Protein chains: 2
Amino acid sequence: MAGRVTLRDVAREAGVHTSTASRALNPATRSVVNPETVEKVLAVARRLGYRPHPLARGLRTNQTMTIGMVIPDIENPIFGPLVAGAESVFGAGGYSVLITNVDRGGNVKPLVATLLERRVDGLVLATALREDEVVSELRAQDIPTVLVNRTTDEYLVPSIVVDDQAGIGLVVRHLVGLGHRRIGHVAGPRHLSTGWGRYQGFFGWMQSLGLDVSPEQVEEAEWFQVEPGYRAAQRLLERLPDLTAIVAGNDLIGLGCYRAIREFGKEVGRDVSVTGYNDIALLDLMQPPMTSVRVPFRRMGEEAAKLLLGLLSGERSDTETISVRLQPILSVRSSTAPPPDDA
Amino acid sequence: MAGRVTLRDVAREAGVHTSTASRALNPATRSVVNPETVEKVLAVARRLGYRPHPLARGLRTNQTMTIGMVIPDIENPIFGPLVAGAESVFGAGGYSVLITNVDRGGNVKPLVATLLERRVDGLVLATALREDEVVSELRAQDIPTVLVNRTTDEYLVPSIVVDDQAGIGLVVRHLVGLGHRRIGHVAGPRHLSTGWGRYQGFFGWMQSLGLDVSPEQVEEAEWFQVEPGYRAAQRLLERLPDLTAIVAGNDLIGLGCYRAIREFGKEVGRDVSVTGYNDIALLDLMQPPMTSVRVPFRRMGEEAAKLLLGLLSGERSDTETISVRLQPILSVRSSTAPPPDDA
DNA sequence: CGGCCATCAGCAATCGATTGCTCCATCGAT
DNA sequence: ATCGATGGAGCAATCGATTGCTGATGGCCG
């Protein structure tokens with residue numbers, strides 16, 4: 001029965017008062033106790049296998065050593081590594097992670113409320129919208145919060161995101177380098193920073209590379225999924241049948257593009273190149289393997305955890321602007337190739 | 001500031017003692033309080049937005065309303081739905097889920113110890129080995145525990161698994177029905193109930209369908225991953241080049257088989273049929289789309305949560321044998337076809 | 001009219017740890 | 001020798017809710 005031993009037991013056994021035992025056990029207050037007494041208490045605690053009761057401690061100190069994490073659509077494979085990374089860093093810091101999943105269309109607010117009722121010490125949200133009421137409130141209430149993967153337009157709380165400008169730059173330059181000129185974009189939802197940032201990046205890079213680009217070269221998928229990507233790609237190809245390349249908002253949308261391209265009687269990688277984003281697992285096993293922008297999700301989770309730990313320890317104030325933009329790299333595969341000669 | 005209001009505040013405002021307020025608020029003890037008083041307290045609590053402090057309550061009642069969940073290799077896509085399913089049921093029951101990931105080869109014991117120190121009310125483990133010391137200890141300590149996806153050989157605690165016997169039956173009968181006779185098996189690790197059960201099922205079904213089957217038709221992948229699956233498939237095909245079908249231990253192993261088959265100059269689905277297991281996302285987009293056994297992971301998570309909730313409420317005793325075997329169904333795709341004529 | 005019981009609410013202990021304050025003893029300085 | 005400073009340890013309050021027990025009130029029955 002681990003944990004049956006209370007501080008009282010330790011104190012009695014060591015022949016000191018509980019308060020003394022408490023101070024001896026706590027590294028921060030240890031200095032006010034006689035070193036010999038400290039030794040004695042420590043020895044007894046070890047022998048008895050004493051473990052402080054987290055609830056009792058938390059009640060008094062008003063800390064739960066618990067982090068709340070909200071994940072949208074946990075079935076999306078990008079979130080596994082993200083959670084794993086965060087969890088490992090939090091675990092090393094003595095924190096545990098309460099996880100909550102919110103399916104697409106679900107309401108984040110009550111979930112966050114539940115987490116706060118549980119008195120989590122901080123939050124990691126992977127659910128931010130570009131304009132996010134929940135985040136604003138958390139900011140207003142001074143609840144240590146870190147955003148991950150997505151962020152808000154206005155800086156409210158720290159975030160760890162990937163540099164979409166850079167990521168899209170990688171694919172656009174890659175495509176242009178291959179000789180593509182007529183490039184389209186099947187964007188993700190533009191009310192999310194990821195969809196928006198990539199969309200912006202697409203425009204920016206096309207222009208800066210001196211290529212014509214207009215809004216009609218873009219279609220928006222309602223969601224970062226295969227099916228919506230497929231439908232958006234259909235619309236795009238119908239309007240602009242002579243595109244030689246499509247930059248997809250993420251890998252799943254890219255897979256939707258594959259399907260649409262085939263339905264138009266063309267071959268992916270030969271007639272029309274496609275790029276994805278995120279570089280999820282198994283992408284290299286698709287037909288053809290998809291060129292994508294590799295996003296370090298595990299690292300993203302780790303950085304988010306470190307950042308939040310920093311906020312919690314008071315080392316960093318969340319009023320100072322801190323945002324981390326991770327740099328992606330390009331995974332080139334055979335879904336991208338020079339445009340066909342007759343193009 | 002949700003939660004700043006304490007029971008004391010409510011009691012004072014309602015003009016009653018805290019104990020009365022407490023009883024009025026708790027449905028179980030409400031009957032002992034005058035209905036009018038109850039109304040009054042309830043009204044005040046609502047007005048003030050009172051939320052009980054979970055730590056204070058937990059300290060007294062010795063319950064944290066928290067469940068610990070241990071996931072192996074959280075990056076594996078099967079665990080997303082499983083976690084989501086469990087989390088939604090637990091959430092509805094007022095429980096929160098502390099999640100812990102253990103990477104392959106990691107040690108589960110200290111993670112469980114941490115969770116127990118946190119005083120979780122129960123555990124869901126997706127990490128069971130066929131002989132599992134940790135599970136035995138939990139059983140011995142009477143800690144409400146449920147296993148999910150994998151189970152132990154000896155019945156120790158309740159589990160929710162898929163019926164591997166039935167699942168393998170689906171694929172073997174499917175293959176035999178297509179005309180295959182020389183069928184091999186690339187098994188998953190046999191120290192896990194999933195690897196073992198499918199291996200057993202393969203033998204059983206082959207025999208019961210009157211086909212020759214010997215251990216040399218089987219190779220074991222060290223892990224449920226593409227790469228180990230590939231290596232095992234290589235070994236198998238080298239030994240038995242005339243196989244017309246391979247039953248893979250799971251989808252990822254199946255994808256490894258794809259690669260090995262191609263390296264042997266054959267075509268998947270035409271020369272050699274392949275079946276997977278689990279039916280993970282994107283499998284339908286592989287080349288060729290893989291026939292697989294669909295396992296309802298979300299449901300598995302839900303059932304696990306329900307079962308554990310049952311144990312916790314005392315409705316069910318964990319001494320009575322309870323195990324749920326979910327029934328899988330077959331997703332037929334084009335990785336399976338009749339054997340080639342010359343075979 | 002007295003006594004008994006049921007109903008309801010308050011008192012106070014309790015869960016286990018933390019921490020401000022007090023108290024005592026010792027030591028050094030004047 | 002006296003006083004103050006200092007180190008070290010104990011006392012008790014506290015965090016917020018739950019709950020066994022006690023006590024008061026009022027109704028009913030004999």
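What you see below is based on every heavy atom in this structure, not just the backbone, and it leaves out hydrogens, waters and symmetry mates. On a predicted model such as this, the values are computed, not experimentally measured, just so you know.
- Atom CZ of B:Arg47 has more than 12 neighbouring heavy atoms from other residues, nucleotides or ligands inside a 6.0 Å radius.
- Checked by atom type, the side-chain pair B:Thr66/A:Arg118 shows a donor-acceptor distance below 3.5 Å.
- Other residues, nucleotides and ligands place more than 12 heavy atoms under 6.0 Å from the CZ atom of B:Arg104.
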Exercise for review: Would you sort out whether A:Arg298 and A:Glu302 count as a salt bridge (Lys or Arg N to Asp or Glu O under 4.0 Å), showing the intermediate values?
Suggested key: CA-CA 6 Å; A:Arg298 182 164 191 126; A:Glu302 291 168 354; 3.8 Å; yes
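- Bounding nucleotides for the chain A contact on DNA chain D, 5' to 3', at a heavy-atom distance below 4.0 Å, are D:dG8 to D:dG16.
- Mapping B:Gly15 and B:Arg60 onto DNA chain C by nearest heavy atom places B:Gly15 at the nucleotide closer to the 5' end.
- C:dC21 atom P lies 17 Å from atom NE2 of A:His17, rounded to whole Å.
- Across its full length, the helix from C:dC1-D:dG30 to C:dT30-D:dA1 shows an angle of 60° between the axes of its 5 terminal pairs at either end, rounded to 10 degrees.
- Look at B:Glu133 and B:Lys109 and you find a salt bridge, because one of the NZ, NE, NH1 or NH2 atoms lies within 4.0 Å of a carboxylate O, short of that distance.
- Atom NZ of residue A:Lys306 and atom CD1 of residue A:Ile160 lie 9.5 Å apart, to the nearest 0.5 angstrom.
- Here CZ of B:Arg8 is found 12.0 Å from OH of B:Tyr50. Values are rounded to the nearest 0.5 Å.
- Contacts between residues 18-31 of chain B and DNA chain C, defined by a heavy-atom separation below 4.0 Å, involve B:Ser19, B:Thr20, B:Arg23, listed by number.
- Between B:Ser159 and B:Arg150, the side chains place no donor N or O within less than 3.5 Å of an acceptor N or O (distance only, hydrogens not considered).
- Look at A:Arg299 and A:Glu303 and you find a salt bridge, because one of the NZ, NE, NH1 or NH2 atoms lies within 4.0 Å of a carboxylate O, short of that distance.
- Taking a cutoff of 4.0 Å between a charged side-chain nitrogen and a carboxylate oxygen, A:Asp153 and A:Arg130 qualify as a salt bridge.
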